[in-house]
Amino acid sequence: QVQLVESGGGMVQTGGSLRLSCTASGRTFSRSAMSWFRQAPGKEREFVSSISWSGITTYYAGSVEGRFTISRDNAKNTLYLQMNTLKPEDTAVYYCAAGTRVGEMRSGRVDYWGKGTLVTVSS
């Protein structure tokens, strides 16, 4: 009962920044835990970050902690991922996802997926 659409991807130089957005349709966004995953060419999809419905609890993969910041604006039905100090290894298709429990999303337990947005970091 929710549709997710990512935006904000593109090509940037090493050390640059991007801000990804995920806009949800429907009325369930404000009560859903949200997360970001990414998938590089030839690799499995991996967890990046997640946030509780209230925004109080957040989780980050060790590879992005300190560089990426997850946030949400429930009034706008929008999830964000601020990506700073980007590295070539951050190159991937980034997906947003919605679920019930923020703690379970790290293992991929989600209910809805977006179609993804491509981030390319050149060296």
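Quick caveat, the model's predicted, so the values are computed rather than measured.
Sorted by first and then second residue, the disulfide bond (SG atoms under 2.5 Å apart) pairs involving residues 38-67 (not counting sequence neighbours) form an empty list. The salt bridge (Lys or Arg N to Asp or Glu O under 4.0 Å) contacts involving residues 46-62 comprise R38-E46, where partners must be two or more places apart or lie in separate chains.
Taken from OG in S50 to CD in E104, the straight-line distance is 10.5 Å, to the nearest 0.5 Å. To the nearest 0.5 Å, the span separating SG on C22 from CG on L81 amounts to 10.5 Å. Summarising the geometry, atom SG belonging to C96 is positioned 5.0 Å from atom CH2 belonging to W36; distances are rounded to the nearest 0.5 Å. From S54, atom OG reaches atom CG of N74 across 8.5 Å, with rounding to the nearest 0.5 Å. To the nearest 0.5 angstrom, R45 atom CZ is 5.5 Å from Q39 atom CD. Atom NZ of K115 and atom OG1 of T117 lie 13.0 Å apart (nearest 0.5 Å).
Within 6.0 Å of the CD atom in E44, the count of heavy atoms belonging to other residues, nucleotides or ligands does not exceed 12.
Legend: residues meeting ring-ring contact (aromatic ring centres under 6.0 Å, His included) with Y94, ordered by chain and number and at least two apart, are absent. Qualifying side chain to side chain contact (heavy atoms under 4.5 Å, CB included) partners for T58, counting only residues two or more places apart in sequence or in other chains: I51, Y60, I70.
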message: Please evaluate residues F68 and L20 with respect to the criterion side-chain contact (heavy atoms from CB on, under 4.5 Å), reporting the C-alpha separation (whole Å), side-chain torsions for both, the decisive distance (0.1 Å), and the verdict.
response: CA-CA 11 Å; F68 292 9; L20 304 183; over 6 Å; no
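Through direct or indirect side-chain contacts shorter than 4.5 Å among Ile, Leu, Val, Met, Phe, Trp and Tyr, M105 is connected to F37, F47, Y59, V93, Y95, V102, V110, W113, L118.
Using a 4.5 Å heavy-atom threshold, the side chains of S21 and Y80 count as touching. Between D90 and V119 the shortest side-chain heavy-atom distance does not fall below 4.5 Å. Counting heavy atoms from C-beta on, the side chains of R72 and M34 come closer than 4.5 Å.
The backbone N or O of V121 lies less than 3.5 Å from a partner atom in the side chain of T91, making a donor-acceptor pair.
Looking at every heavy atom in both residues, A92 comes nearest to A40 through CB-N, 3.7 Å.
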May I have the list of side-chain donor-acceptor pairs in residues 12-19 shorter than 3.5 Å, sequence neighbours left out?
| unit_1 | atom_1 | unit_2 | atom_2 | d |
| --- | --- | --- | --- | --- |
| T14 | OG1 | S122 | O | 2.7 |
| S17 | OG | N84 | OD1 | 3.0 |

